[in-house]
> 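I'd like to ask some things about the structure below.
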Amino acid sequence: MRPVHTALAVLVAAVWGFNFVVIQIGLGHFPPLLLSALRFLVAALPAVFLVGRPRVAWKWVLGVGVALGIAKFGLLFTGMAAGMPAGLSSLVLQIQAVFTAVLAAVVLRERPGRVRVLGMVVALAGIAVAAADTGLSGPATGFALVVAAAACWGVSNVLTRRAAPPDALNFMVWVCTVPVVPLLGLSLLLEGPDRDLAALRALDWSGVAVIGYVAWVSTVFGFGAWGYLLRRYPASAVAPFSLLVPVFGMSSAALVLGEPVSGPRWLAAVLLVGGVGLTSLAPAGGRRGAATAAGAPAGAVGAAR
């Protein structure tokens, strides 16, 4: 990769890592489901009028919109609101690579090779260490919700692979239109209209900045830049930069939010990032291996935003 494109890939990873800190700040302004709905609303408008019609079947837009937008982000934001730290969330969410590989093996008949299986085992060991550390210092419910969010991310990755969108930004903008109304409805039902109205009435420049960052910087810029890189270079050259996301997430959470990073958490990070690297980048066994090697890392990035 050219140096300027390497710098762009690192910048995107930093943007996505810092996004977890911004989400944590945003949860001080908005209920989690309302914040997620506003994120997708602002990301979709006015971009949806500028990118043209979807270039894949509507069933894929709807499917990914439900799995990624409603389920994954709804669970992630709710888990963080339940006390899951921003830095740890950025790390644990990477277990999506294991869920993606398992679902691809079951649904797409993509047989994992030995290296990929080893990567899954190492990543799961990292999750076990993180769970043990969280059990001593944090809420188990929040941890479980973030793991569930990673599983939903895996579902969306498999659906995205089946959709094979020719334009990643076009696809993501249309996906962003799907969760808005369902998330608003869930927020009114579960979080209550009084709480939602209070958050909107108290909206200040800090809240506006949070929504602007998670919608335009993390989603529109981040995904657009990543799609640009994937069009110029093989996924195997671009995807490794996504492993920097939890590094930026944990370090920025420590610097900005003062989150402590324990020894076990660093061990979990090494195991998880290493395992995810093996799982995402190693070729799968069988004739579909080439497609998997290219597809898994590319799809995996969507939820880092």
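Values reported hereafter were calculated over all heavy atoms of this structure, with side chains retained and with hydrogens, waters and symmetry mates removed.
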> Show the nearest heavy-atom pair for residues Gly69 and Ser36, with the distance to one decimal.
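In terms of heavy atoms, the two residues are closest at O-OG, 4.2 Å.
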> State, to 0.1 Å, how close Thr100 and Gly154 come at their nearest heavy-atom pair, and which atoms those are.
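Reported closest heavy-atom pair: OG1-CA, 3.4 Å.
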> With rounding to the nearest 0.5 angstrom, report the CG to CG distance, Leu11 to Leu244.
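Leu11 atom CG to Leu244 atom CG measures 11.5 Å (nearest 0.5 Å).
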> Give, for atom CZ of Arg2 and atom CG of Leu229, the distance between the pair rounded to the nearest 0.5 Å.
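Taking CZ in Arg2 and CG in Leu229, the distance rounds to 11.5 Å.
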> What distance do Leu34 atom CG and Arg195 atom CZ have between them, rounded to the nearest 0.5 Å?
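The distance works out to 9.0 Å.
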> Going through the distances and angles, do Thr6 and Phe241 end up as a side chain to side chain contact (heavy atoms under 4.5 Å, CB included)?
CA-CA 9 Å; Thr6 298; Phe241 290 96; 3.9 Å; yes
> Distance-only, no hydrogens or angles: does the Glu191 side chain make a donor-acceptor pair with backbone N or O of Leu186 under 3.5 Å?
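Here the side-chain-to-backbone pair does not exist.
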> Any side-chain to backbone donor/acceptor pair from Thr219 onto Trp216? Under 3.5 Å, distance only.
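The answer is no, because no donor-acceptor pair under 3.5 Å joins these two groups.
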> Which heavy-atom pair separates Ala81 from Pro32 by the least distance, and what is that distance?
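Taking every non-hydrogen atom into account, CB-CG, 3.8 Å.
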> Tell me whether Val117 is reachable from Val107 by hopping between hydrophobic residues (I, L, V, M, F, W, Y) whose side-chain heavy atoms are closer than 4.5 Å.
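Val107 does not cluster with Val117.
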> List for me each residue that meets side-chain contact (heavy atoms from CB on, under 4.5 Å) alongside Ala150, sequence neighbours excluded, and say none if there are none.
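Residues passing side-chain contact (heavy atoms from CB on, under 4.5 Å) with Ala150: Leu93, Ile95, Gln96, Phe99.
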> Any side-chain heavy atom of Met80 sitting closer than 4.5 Å to one from Leu145?
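A side-chain contact under 4.5 Å is absent here.
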> Could you tell me whether the side chain of Met172 reaches within less than 4.5 Å of the side chain of Val220, counting heavy atoms only?
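Of all side-chain heavy-atom pairs linking Met172 with Val220, none is under 4.5 Å.
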> Does Thr78 reach the main-chain N or O of Leu75 with its side chain, forming a donor-acceptor pair under 3.5 Å?
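It does not hold such a pair.
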> How far apart are the closest heavy atoms of Gly17 and Ser252, and which atoms are they?
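Between these two residues, the closest heavy atoms are O-OG, 4.0 Å.
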> Using the rule given for side chain to side chain contact (heavy atoms under 4.5 Å, CB included), can you reason through Met250 versus Phe20, listing the C-alpha separation, both sets of side-chain angles and the distance that settles it, and then say yes or no?
CA-CA 9 Å; Met250 293 178 67; Phe20 289 87; over 6 Å; no
> Considering non-hydrogen atoms only, spot the tightest contact between Gly26 and Val210 and give its length.
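Result for this residue pair: CA-CG1, 3.6 Å.
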> Between OG of Ser156 and CD1 of Ile70, what distance do you get to the nearest 0.5 Å?
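With rounding to 0.5 Å, OG (Ser156) is 12.5 Å from CD1 (Ile70).
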> Tell me whether Trp266 is reachable from Val247 by hopping between hydrophobic residues (I, L, V, M, F, W, Y) whose side-chain heavy atoms are closer than 4.5 Å.
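Different clusters.
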> Strictly distance-based, threshold 3.5 Å: is any side-chain N or O of Tyr213 a donor or acceptor partner for the main-chain N or O of Val15?
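Yes, because the side chain of Tyr213 sits within donor-acceptor range (under 3.5 Å) of the backbone of Val15.
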> Could you check if a side-chain atom of Leu27 sits within less than 4.5 angstrom of a side-chain atom of Gln24, using non-hydrogen atoms only?
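A side-chain contact exists here, since the closest heavy-atom pair is under 4.5 Å.
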> Can any side-chain N or O of Ser90 pair as donor or acceptor with the backbone N or O of Gly87 at less than 3.5 Å?
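Indeed, once roles are kept as given, a pair shorter than 3.5 Å links the two residues.
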> Taking the side chain as everything from C-beta on, heavy atoms only, tell me whether Met120 gets closer than 4.5 Å to Val102.
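In contact.
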> Would you indicate whether the side-chain heavy atoms of Gln94 and Val273 approach each other to under 4.5 Å?
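Counting from C-beta outward, Val273 and Gln94 never come under 4.5 Å.
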> So that I know where these two stand, are Phe40 and Phe73 an aromatic pair - ring centroids less than 6.0 Å apart?
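Yes, close enough.
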> Can any side-chain N or O of Glu259 pair as donor or acceptor with the backbone N or O of Ala86 at less than 3.5 Å?
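Looks like yes, one N/O pair under 3.5 Å.
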> Identify the two heavy atoms, one from Val175 and one from Gly65, that lie closest to each other, and give their separation to 0.1 Å.
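The pair with the smallest heavy-atom distance is CG1-CA, 3.7 Å.
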> Mind checking the OG1-CG spacing from Thr160 to Leu68? Nearest 0.5 Å is all I need.
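So the OG1 of Thr160 and the CG of Leu68 are separated by 7.0 Å.
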> If you look only at distance, which donor and acceptor atoms sit under 3.5 Å apart when one is on a side chain in residues 49-56 and the other is two or more places apart or in another chain?
none

> Check the hydrophobic clustering (I, L, V, M, F, W, Y; side-chain heavy atoms under 4.5 Å; chains of links allowed) and say if Ile25 and Leu200 are grouped together.
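Yes; tracing contacts between hydrophobic side chains, which count when under 4.5 Å, links both residues.
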> Return the orientation label for the Trp226 and Trp16 ring planes: parallel under 30°, perpendicular over 60°, tilted otherwise.
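Ring orientation, 0 to 90° scale: tilted.
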> Hey, could you give me the CG/CG distance between Asp196 and Leu35, rounded to the nearest 0.5 Å?
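The CG atom of Asp196 sits 11.0 Å away from the CG atom of Leu35.
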> Would you indicate whether the side-chain heavy atoms of Trp153 and Leu76 approach each other to under 4.5 Å?
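Leu76 vs Trp153: side chains apart.
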> Please determine whether residues Leu197 and Leu203 belong to a single hydrophobic cluster, defined as Ile, Leu, Val, Met, Phe, Trp and Tyr linked transitively by side-chain heavy-atom distances below 4.5 Å.
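Not linked; separate clusters.
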> Taking the side chain as everything from C-beta on, heavy atoms only, tell me whether Val10 gets closer than 4.5 Å to Phe248.
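Yes. Closest side-chain heavy atoms under 4.5 Å.
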> With side chain to side chain contact (heavy atoms under 4.5 Å, CB included) as the test, would you mind laying out the steps for Ile127 and Phe143 before giving the verdict?
CA-CA 10 Å; Ile127 284 292; Phe143 188 95; 4.3 Å; yes
> Is there a side-chain contact between Val12 and Phe223, using heavy atoms and a 4.5 Å cut-off?
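Val12 vs Phe223: side chains apart.
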> With the 4.5 Å side-chain cut-off for hydrophobic clustering, are Val217 and Val245 part of the same group?
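Per the 4.5 Å side-chain linkage, Val217 and Val245 are co-clustered.
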> Listed by chain and number, what are the side-chain contact (heavy atoms from CB on, under 4.5 Å) partners of Val121, not counting sequence neighbours?
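side-chain contact (heavy atoms from CB on, under 4.5 Å) list for Val121, sorted by chain: empty.
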